[in-house]
*Asks:* 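Please find one structure pasted underneath; my questions will follow.
All figures in this text were calculated on a predicted structure; none of them were measured in a lab. Sequence positions, counted from 1, serve as the residue numbers for this chain.
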Amino acid sequence: MPADPTLDQLRAAADVVRTAGQHDTMAGAPARYVAAPRDTGQAAHLLRAAAALDLAVTFRGGGTKQDWGSPPRRLDLILDTTALTGVVEHAAGDLITVVRAGTRLDELPATLAGAGQQLALDAPLPGGTVGGAVATNTSGPRRMLYGTVRDLLIGVTLVRADGVVAHAGGKVVKNVAGYDLGKLVTGAYGTLGLITECAFRLHPLPATAAYVSRTVDDPAEAGRLAGTVRAAQLVPTALEVDAPAGERATITVLLEGTPAGVTARAAAARRLLGADATDADQPPEGWARYPWRDGDVGLKLTAPLSGVPRLLGDARAAADRHDLPLALRGSAGVGVLHAGLPGASDPQRVAGLVDALRATTAALGGHTVVLTAPAPVRDRIDLWGPVPGLELMRRVKRRFDPDARLAPGRFVGGI
């Protein structure tokens with residue numbers, strides 16, 4: 001096998017580098033090398049070496065969202081975080097934990113439950129990591145009560161494009177030092193640096209929970225019921241709508257707390273939803289999951305709370321006009337919905353539906369983003385759509401990564 005000087009130089013920085021295989025891709029773009037650093041120091045050495053070699057780098061955790069966003073314009077090295085795992089610290093008395101970025105979200109509950117605590121982040125895709133959730137700003141149903149990943153993140157360790165390690169925030173809930181850095185890297189798709197550790201605020205585990213549901217014919221009616229529940233001040237943990245393609249829509253209210261309190265609030269929720277409302281102690285099928293499968297089209301739709309009923313109704317109507325089976329599911333309690341289409345859908349029809357959805361969300365003051373799509377669809381549409389503040393985002397990118405080597409082109413506006 002011929003010598004590869006670049007591979008040798010990368011291995012000199014850290015002995016965790018290999019030649020990429022056929023599955024080492026990012027949104028369809030193949031990589032040349034893959035490295036799995038075991039700690040922040042190794043990651044810093046690798047990024048310093050990549051900078052010296054002018055290599056384009058992207059980051060990968062569990063690989064559950066590697067098809068999200070646009071393909072990188074060029075890709076030399078994937079830094080894999082799956083060796084950066086484990087809880088660094090759990091300060092139970094302070095309700096704080098520090099976790100390495102490659103740690104799977106679905107493994108944390110068992111680790112924290114012994115102290116009667118939780119990191120209130122849902123895991124919509126099994127195998128997703130802490131770093132991936134921060135990088136893509138992923139939050140599920142419980143964001144209504146506990147906040148988004150950006151709200152729960154109080155500290156971060158970041159390796160910059162030049163290999164310099166930066167720390168922001170800390171292990172104190174009210175610490176504001178470096179807070180802007182944590183906000184900047186949340187949802188930046190790895191374009192500003194490699195997240196290696198995250199500090200989060202925790203919450204006590206609730207004593208009990210109830211899921212109160214009602215199924216109705218019209219998605220817009222489910223949205224109106226969600227508004228009724230919000231106005232009643234039941235303090236739900238989550239308020240979700242699930243409207244599979246061509247089927248009826250279900251509104252579900254998650255209530256948590258003491259047994260007596262949950263029982264009383266669940267009774268009130270049943271009265272608000274209607275006589276045929278039911279309750280259970282386990283979530284309904286599909287709870288906290290996206291309404292699409294690998295290879296499908298996945299979208300994120302946002303609107304003010306007052307616009308949720310219209311968004312649900314207009315989305316179903318637009319899908320019918322374009323003869324597409326659109327599945328809707330998401331947080332009616334915060335105005336964030338997700339939509340899914342089969343990956344084999346006609347790209348031209350998908351493009352027309354995306355235009356219609358963008359017209360609706362724009363009129364309401366929200367946005368439509370295509371999170372993931374197969375190549376024939378991706379080639380026909382702008383995944384991100386209009387984004388305010390794009391020039392400011394570009395200036396931030398230039399400050400953090402002046403040579404545009406981190407995930408170039410993956411993010412909005414080709415950042």
*Asks:* Go through Thr81 and Thr196 one step at a time and tell me if the side-chain contact (heavy atoms from CB on, under 4.5 Å) criterion holds.
*Replies:* CA-CA 8 Å; Thr81 66; Thr196 60; over 6 Å; no
*Asks:* Side chains of Ser213 and Thr278: is there a donor and an acceptor less than 3.5 Å apart?
*Replies:*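 The criterion, which ignores hydrogens and geometry beyond distance, is not satisfied for Thr278 and Ser213.
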*Asks:* Under 4.5 Å between any side-chain heavy atoms of Arg394 and Ile415, yes or no?
*Replies:*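 Yes, side chains in contact.
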*Asks:* Does some side-chain heavy atom of Asp401 sit less than 4.5 Å from a side-chain heavy atom of Thr191?
*Replies:*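 No, every pair of side-chain atoms sits at 4.5 Å or beyond.
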*Asks:* Name all residues meeting the ring-ring contact (aromatic ring centres under 6.0 Å, His included) criterion together with His203; count only those two or more places apart in sequence or in a different chain, and write none if there are none.
*Replies:*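 Applying ring-ring contact (aromatic ring centres under 6.0 Å, His included) to His203 gives Tyr146.
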*Asks:* What pair of heavy atoms forms the shortest contact from Pro309 to Ala220, and how long is it?
*Replies:*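 So the minimum-distance heavy-atom pair works out to O-CB, 3.5 Å.
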*Asks:* Look only at the side chain of Arg265 and the backbone of Val235, and say whether a donor-acceptor pair between them is shorter than 3.5 Å.
*Replies:*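 Yes: the side chain of Arg265 pairs with the backbone of Val235.
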*Asks:* Ignoring hydrogens and geometry beyond distance, is a side-chain donor-acceptor pair present between His90 and Thr97 at under 3.5 Å?
*Replies:*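 No - no donor-acceptor pair under 3.5 Å links their side chains.
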*Asks:* Look at the side chain of Arg104 and the backbone N and O of Gly62, then say whether any donor-acceptor pair between them is shorter than 3.5 Å.
*Replies:*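 It does not hold such a pair.
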*Asks:* Looking at every non-hydrogen atom in both residues, tell me the closest pair between Leu273 and Arg214 and how far apart they are.
*Replies:*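 Heavy atoms of Leu273 and Arg214 come nearest at O-NH1, 2.6 Å.
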*Asks:* Does Met393 reach the side chain of Val387, with side-chain heavy atoms less than 4.5 Å apart?
*Replies:*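 When only atoms from C-beta onward are counted, Val387 and Met393 do touch, with a gap below 4.5 Å.
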*Asks:* Please confirm whether the backbone N or O of Ser70 pairs with a side-chain atom of Arg410, one donor and one acceptor, at under 3.5 Å?
*Replies:*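 Checked: pair present.
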*Asks:* Rounded to the nearest 0.5 Å, how far apart are CD of Gln66 and CZ of Phe59?
*Replies:*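 The distance works out to 15.0 Å.
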*Asks:* Are Arg248 and Thr250 packed together at the side-chain level, in the sense that at least one heavy-atom pair is separated by less than 4.5 angstrom?
*Replies:*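 The answer is no; the side chains never approach within 4.5 Å.
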*Asks:* Applying ring-ring contact (aromatic ring centres under 6.0 Å, His included), can you list everything that pairs with Phe411, at least two apart in sequence or on another chain?
*Replies:*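 With sequence neighbours excluded, Phe411 shows a ring-ring contact (aromatic ring centres under 6.0 Å, His included) to Tyr189, Trp384, given in chain and number order.
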*Asks:* Roughly how far, to the nearest 0.5 Å, is the CG atom of Asp346 from the CG atom of Asp323?
*Replies:*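 Output value for this atom pair is 10.0 Å.
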*Asks:* A side-chain contact here means heavy atoms from C-beta on lying under 4.5 Å apart; do Arg100 and Val130 qualify?
*Replies:*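 When only atoms from C-beta onward are counted, Val130 and Arg100 do not touch, as no gap falls below 4.5 Å.
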*Asks:* For Gly132, is there any backbone N or O sitting under 3.5 Å from a side-chain donor or acceptor partner on Thr129?
*Replies:*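 Side chain of Thr129 to backbone of Gly132: a pair is present.
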*Asks:* Check whether Arg316 reaches the backbone of Pro219 with its side chain - one donor and one acceptor, N or O, closer than 3.5 Å.
*Replies:*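 Between the backbone of Pro219 and the side chain of Arg316 there is no qualifying donor-acceptor contact (under 3.5 Å).
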*Asks:* Any sub-3.5 Å donor-acceptor pair from Asp4's side-chain atoms to Thr6's backbone N or O?
*Replies:*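 Yes: the side chain of Asp4 pairs with the backbone of Thr6.
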*Asks:* Judged by atom type as modelled, is there a donor-acceptor pair below 3.5 Å linking the side chain of Thr103 to the main-chain atoms of Gly86?
*Replies:*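 Yes, because the side chain of Thr103 sits within donor-acceptor range (under 3.5 Å) of the backbone of Gly86.
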*Asks:* Kindly indicate whether the side chain of Val297, heavy atoms from C-beta on, has any atom under 4.5 Å from the side chain of Pro374.
*Replies:*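 With C-beta onward as the side chain, the pair touches.
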*Asks:* What pair of heavy atoms forms the shortest contact from Leu145 to Pro236, and how long is it?
*Replies:*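 What the structure gives for the nearest pair is CB-O, 3.9 Å.
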*Asks:* According to the side chain to side chain donor-acceptor pair (under 3.5 Å) rule, which pairs have a member within residues 279-305, sequence neighbours left out?
*Replies:*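 Side chain to side chain donor-acceptor pair (under 3.5 Å) check on residues 279-305 returns Arg270-Asp279.
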*Asks:* Do any N or O atoms from the side chain of Asp122 and from the backbone of Arg142 form a donor-acceptor pair under 3.5 angstrom?
*Replies:*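 Here the side-chain-to-backbone pair exists.
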*Asks:* Below 4.5 Å, heavy atoms only, C-beta onward: do Leu194 and Val57 meet side chain to side chain?
*Replies:*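 No, side chains not in contact.
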*Asks:* Looking only at atom types and distance, does a side-chain atom of Arg143 sit under 3.5 Å from a main-chain N or O of Thr138, one as donor and one as acceptor?
*Replies:*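 No; zero donor-acceptor contacts below 3.5 Å.
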*Asks:* Quick one: CD1 on Ile195 to OG1 on Thr40, what's the gap to the nearest 0.5 Å?
*Replies:*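 One finds 11.5 Å between CD1 of Ile195 and OG1 of Thr40.
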*Asks:* Quick one: list whatever passes side-chain contact (heavy atoms from CB on, under 4.5 Å) with Thr368, sequence neighbours left out.
*Replies:*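 Scan of Thr368 (side-chain contact (heavy atoms from CB on, under 4.5 Å), adjacent residues dropped) gives Leu299, Leu301, Leu357, Arg358, Thr361.
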*Asks:* Which pair of heavy atoms, one from Gly182 and one from Leu153, lies closest together, and at what distance?
*Replies:*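 Taking every non-hydrogen atom into account, O-CD2, 3.9 Å.
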*Asks:* Closest heavy-atom contact between Pro37 and Leu84?
*Replies:*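 Closest approach of Pro37 to Leu84, heavy atoms only: O-CG, 3.5 Å.
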*Asks:* Just list the side-chain donor-acceptor pairs under 3.5 Å for residues 330-344, sequence neighbours left out, or say none.
*Replies:*
unit_1: Ser331; atom_1: OG; unit_2: Glu240; atom_2: OE2; d: 2.6

*Asks:* If you take all heavy atoms of Ala222 and Val216, which pair is closest and at what distance?
*Replies:*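 In this case the closest contact between Ala222 and Val216 is N-CG2, 3.7 Å.
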*Asks:* For residues 23-32, which residue pairs pass the salt bridge (charged side-chain N to carboxylate O under 4.0 Å, His left out) check, not counting sequence neighbours?
*Replies:*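 Found Arg18-Asp24, Asp24-Arg60, Arg32-Asp76.
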*Asks:* I'd like to know if Arg38 pairs up with Asp15 as an ion pair, taking the criterion as any Lys NZ or Arg NE/NH1/NH2 lying under 4.0 Å from an Asp or Glu carboxylate oxygen.
*Replies:*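 Result for this pair is yes, salt bridge flagged.
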*Asks:* So, does Gln117 use its side chain to make a donor-acceptor pair with the main chain of Ala92 at under 3.5 Å?
*Replies:*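 Pair found, side chain donor or acceptor close to backbone of Ala92.
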*Asks:* Would you check if Leu383 and Trp68 make a side-chain contact, meaning some heavy-atom pair closer than 4.5 Å?
*Replies:*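 Contact flag for Leu383/Trp68 side chains = no.
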*Asks:* Rounded to the nearest 0.5 Å, what's the gap from CG on Leu112 to CZ on Phe200? Could you check?
*Replies:*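 It comes to 11.0 Å.
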